[in-house]
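What follows is one structure encoded as structure tokens, with my remarks underneath.
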Protein chains: 2
Amino acid sequence: MHTIGTLARRTGTKVQTIRYYEQIGLMPEPGRTEGGQRRYGDVDLDRLAFIRHSRQLGFPLEAIRELLDLSDHPARDCGAADSIARRQLREVETRIARLQALRSELERMIGECRGGTASECRVLEVLRDHSECLADDHDAIG
Amino acid sequence: MHTIGTLARRTGTKVQTIRYYEQIGLMPEPGRTEGGQRRYGDVDLDRLAFIRHSRQLGFPLEAIRELLDLSDHPARDCGAADSIARRQLREVETRIARLQALRSELERMIGECRGGTASECRVLEVLRDHSECLADDHDAIG
DNA sequence: CTTGAACCTATAGTTGCTGTAGCTCTTATC
DNA sequence: GATAAGAGCTACAGCAACTATAGGTTCAAG
């Protein structure tokens, strides 16, 4: 039997985060001591490790919920898991592309800055210059 | 004089977002009509465009606050703006690197999956397999 | 049996918005 | 001058995924 602190240490999770996962139904309600403290088994440890590993791969909690559900039903078809992973891959690829575009623009901006006062600053100028972005709504924010 | 809706349309911002920027002090409190509606000048339009452009480059609002402050004081040294932009560039580079690592792992995971039932699924197996990640705390989440 | 670390609940805060409810104001048209 | 649509107003709740705090209780070692 493990305390919540042990689970936290073993998985690199904050104690509050584990309680949060319980609250939103990702982790089961564990048994309790007479005094009301949570006690976990190895199954719970594995489940939390699964969640954390999935989070490290960037899966949103809702996707992890589906993955856990599949993992809990070994007879089901694996296709769903595959498609969740593919969706996540596409998501990651999109984000990479966007960030690479940002990187280019930031590099250009910084590369053009020759110092001096704020009024001469190329960085500020680029940000002020709305010739290319005012009223065109490519939503690149994030 | 512009209404809030005009500013919104011209900068691709939601009306509520503009009010939110006012609330957190990024946008000034504008003049009002007798009936209490906001009316903006061109200066405000430029400021909002600056904010949106900065957001599109991924700058957090706190950084934008500093950039706006510099922009408001043309005599100040440009170094601060430069260092904010460099910090943002580093941030973007870090995120790209992390996402590229995620992409590799996702690709590998998906590439190894040969279908079948959930119990045979390579995707779920990789997520379950904590041999490499349990109790090592590289915080790659986000 | 005492002490101190670890646990408990509940609630608020984080970032950057977005959405809703239930009003009021402005402006164009008649 | 009346009316009606559309835009504006405030205030608050919600999103993701935690994180932090306050103020109290329990556990386990010595």
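Labels below follow one simple rule: chain letters A, B, ... track the order of the sequence lines, proteins then strands, and each chain is numbered from 1. It should be emphasised that the depicted structure is a prediction, and the values quoted were computed from it without experimental measurement.
The backbone N or O of B:Phe50 lies less than 3.5 Å from a partner atom in the side chain of B:Ser54, making a donor-acceptor pair. In this structure, the side chain of B:Arg122 does not engage the main chain of B:Arg108 through any donor-acceptor pair within 3.5 Å.
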Protein within reach of the bases, or only the backbone? For nucleotides 22-30 of chain D, mark each nucleotide 5' to 3' as B, S or -, using heavy atoms under 4.0 Å. ----BS---

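Residues forming a side-chain contact (heavy atoms from CB on, under 4.5 Å) with B:Thr17 (at least two apart in sequence, or on another chain): B:Thr13, B:Lys14, B:Tyr21, B:Arg52. The side-chain contact (heavy atoms from CB on, under 4.5 Å) test applied to B:Ser119 returns A:Pro74, B:Thr117, not counting sequence neighbours. The side-chain contact (heavy atoms from CB on, under 4.5 Å) check on B:Thr33 picks up B:Gln37, B:Arg39, with sequence neighbours excluded.
Nearest heavy atom pair, residue A:Cys113 against residue A:Val123, reads CB-CG2, 4.1 Å.
For the pair A:Arg9 CZ and C:dA5 P, the interatomic distance rounds to 15 Å; values are reported in whole Å. Rounded to an integer number of Å, the gap from OH of B:Tyr20 to C1' of C:dT14 is 10 Å. Rounded to whole angstrom, the span from the NE2 atom of A:His2 across to the C1' atom of C:dA6 amounts to 17 Å.
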What N/O pairs connect the protein and nucleotides 19-21 of chain C at under 3.5 Å? Give each pair on its own line.
unit_1 : atom_1 : unit_2  : atom_2 : d
C:dG19 : N7     : B:Gln16 : NE2    : 3.1

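At the heavy-atom level, A:Ile24 lies nowhere under 4.0 Å from the strands shown.
Among the nucleotides C:dC17, C:dC8, D:dC18, the one closest to the side chain of A:Arg38 is C:dC8. With D:dC9, D:dC18, C:dC8 as the choices, the nucleotide that has an atom nearest any side-chain atom of B:Ile4 turns out to be D:dC9.
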Show me the donor-acceptor pairs, under 3.5 Å and distance only, between side chains in residues 83-92 of chain A and residues at least two apart or in other chains.
unit_1  : atom_1 : unit_2  : atom_2 : d
A:Ser83 : OG     : A:Ala80 : O      : 3.2
A:Arg86 : NE     : A:Asp82 : OD2    : 2.7
A:Arg86 : NH2    : A:Asp82 : OD2    : 3.3
A:Gln88 : NE2    : A:Leu57 : O      : 3.1
A:Gln88 : NE2    : A:Gly58 : O      : 3.1

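Residues A:Arg10 and A:His2 form a side-chain contact, since some pair of their non-hydrogen atoms from C-beta on lies under 4.5 Å apart.
Listed pair B:Tyr21 / C:dG16 fails the phosphate criterion, with no side-chain N or O lying under 4.0 Å from OP1 or OP2.
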